[in-house]
Peer 1: 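Once you've had a glance at the structure underneath, I'll fire off some questions.
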Amino acid sequence: MADVKVKKESTEPVDIENRIKELCSQFPHGITDQVIQNDMPHVEPQQRAMAINRLLSVGQLDLLRNANGLLYRLKDTQSTSKVKGSDNQEKLVYQIIEDAGNKGIWSRDIRFKSNLPLTEINKILKNLESKKLIKAVKSVAASKKKVYMLYNLQPDRSVTGGAWYSDQDFESEFVEVLNQQCFKFLQSKAEVARDSKQSPMVQRNSSFATSHEVWKYISELGISKVDLSMEDIETILNTLIFDGKVEMTIIAAKEGTVGSVDGQMKLYRGVNPIIPPTGLVKTPCGLCPVFDDCHEGGEISPSNCIYMSEWLDF
């Protein structure tokens with residue numbers, strides 16, 4: 001009986017490793033050591049550590065860090081097979097680019113993290129690009145620089161600039177059209193509310209529209225070549241708020257209500273200014289964000305100010 005008991009309590013290293021991999025497959029974003037410990041309370045800490053270290057050393061696990069501590073995540077076998085046969089330096093660069101995600105990474109930062117010479121990094125990057133494992137993407141943050149990311153990733157909005165940029169150029173006309181159409185929708189909503197001849201409070205409440213309603217209206221117009229998100233529409237609505245054409249209020253909403261976030265919903269309505277703006281505010285100088293840097297002979301000056309020219313023509 002004693003021999004049977006000893007055999008039952010002992011666990012083979014391979015069994016522990018397989019169980020850890022099973023746990024990781026159940027939680028793709030990674031698991032903590034506490035999760036492993038809770039799943040295998042009978043396994044000694046030293047046995048767990050040996051199994052984890054072995055899986056890390058053979059490249060079957062990735063070690064990550066988040067706000068809660070260390071995480072163990074099952075390594076992407078497809079990514080591993082893609083760089084199979086590459087030398088260690090190429091695998092290192094690929095791993096650095098993979099860790100950067102869809103925000104990408106500058107070649108300078110790759111050099112800093114890999115501690116490899118720039119000539120060697122450029123050679124590796126070209127090789128990985130030729131294999132279609134990575135791609136170079138121009139960033140709106142620096143037009144003359146490129147960031148590198150995995151070939152199959154969609155670049156983050158911080159890289160491409162989102163819907164407001166096309167080939168790194170800001171689409172000012174597109175933004176202006178969206179601005180006008182969003183305001184037109186809110187104006188029509190307010191007019192319908194006024195024509196209803198109901199009490200002032202009912203009229204006011206019915207003149208509000210959710211950002212989801214505005215988004216749906218713009219989507220149905222078909223004026224955008226790209227898919228606009230709710231966040232994009234709220235950005236446009238914010239510009240209307242800054243222009244004094246729209247006001248926003250936040251109300252409580254039931255969980256699951258269309259357009260609500262964390263139990264709250266934003267409502268927008270078109271407004272008319274109660275008091276006309278003063279003469280100074282009407283001039284470009286009254287609202288100019290670079291007023292302090294404007295002077296004759298400088299890069300910004302009254303003589304070459306396009307906003308002043310447009311205002312005088314008006």
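Index from 1, following the sequence.
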Peer 1: Yes or no on salt bridge (Lys or Arg N to Asp or Glu O under 4.0 Å) for E129 and K135, after CA distance, side-chain angles and deciding distance?
Peer 2: CA-CA 6 Å; E129 281 188 274; K135 61 184 176 183; over 6 Å; no
Peer 1: Ion pair present between E17 and R54, side-chain N to carboxylate O less than 4.0 angstrom?
Peer 2: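 Looking at R54 together with E17, the answer is yes, because their closest N to O distance falls below 4.0 Å.
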Peer 1: Ignoring hydrogens and geometry beyond distance, is a side-chain donor-acceptor pair present between Q187 and E191 at under 3.5 Å?
Peer 2: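 No, no side-chain donor-acceptor contact under 3.5 Å.
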Peer 1: Among residues at least two apart in sequence or on other chains, which ones pass ring pair (Phe, Tyr, Trp, His ring centres under 6.0 Å) with F208?
Peer 2: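 Result, ring pair (Phe, Tyr, Trp, His ring centres under 6.0 Å) vs F208: none returned.
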Peer 1: Once side chain to side chain donor-acceptor pair (under 3.5 Å) is applied, do any residues pair with N38, and if so which ones, sequence neighbours excluded?
Peer 2: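 In terms of side chain to side chain donor-acceptor pair (under 3.5 Å), with neighbours along the sequence ignored, N38 is linked to Q34.
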Peer 1: Is a salt bridge present between E213 and K216, judged by a nitrogen-to-oxygen distance below 4.0 Å?
Peer 2: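 K216 and E213: not salt-bridged.
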Peer 1: Hey, what do you get for CG (N122) to OG (S107), rounding to the nearest 0.5 Å?
Peer 2: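 Nearest 0.5 Å value for the CG-OG distance: 6.5 Å.
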Peer 1: Is the side chain of W106 donor-acceptor paired with the backbone N or O of K146 at a distance under 3.5 Å, no angle test?
Peer 2: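 No.
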Peer 1: Assess whether a salt bridge exists between E90 and K131, defined as any Lys/Arg side-chain N lying under 4.0 Å from an Asp/Glu carboxylate O.
Peer 2: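 Yes, charged N to carboxylate O under 4.0 Å.
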Peer 1: Rounded to the nearest 0.5 Å, what separates atom CG in L23 from atom CG in D39?
Peer 2: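 Nearest 0.5 Å value for the CG-CG distance: 4.5 Å.
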Peer 1: Could you tell me which residues satisfy salt bridge (Lys or Arg N to Asp or Glu O under 4.0 Å) with D109, sequence neighbours excluded, listed by chain and number?
Peer 2: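 For D109, no residue satisfies salt bridge (Lys or Arg N to Asp or Glu O under 4.0 Å) once neighbours in sequence are set aside.
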Peer 1: Excluding sequence neighbours, so at least two apart, what forms salt bridge (Lys or Arg N to Asp or Glu O under 4.0 Å) with R108?
Peer 2: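 Result, salt bridge (Lys or Arg N to Asp or Glu O under 4.0 Å) vs R108: none returned.
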Peer 1: Taking only residues at least two apart or on different chains, which pairs with a member in residues 25-36 satisfy salt bridge (charged side-chain N to carboxylate O under 4.0 Å, His left out)?
Peer 2: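 Salt bridge (charged side-chain N to carboxylate O under 4.0 Å, His left out) check on residues 25-36 returns D33-R48.
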Peer 1: What side chain to side chain donor-acceptor pair (under 3.5 Å) pairs are there with at least one residue in residues 236-251, not counting sequence neighbours?
Peer 2: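 Qualifying pairs: N179-T239, R204-E247, E247-R269.
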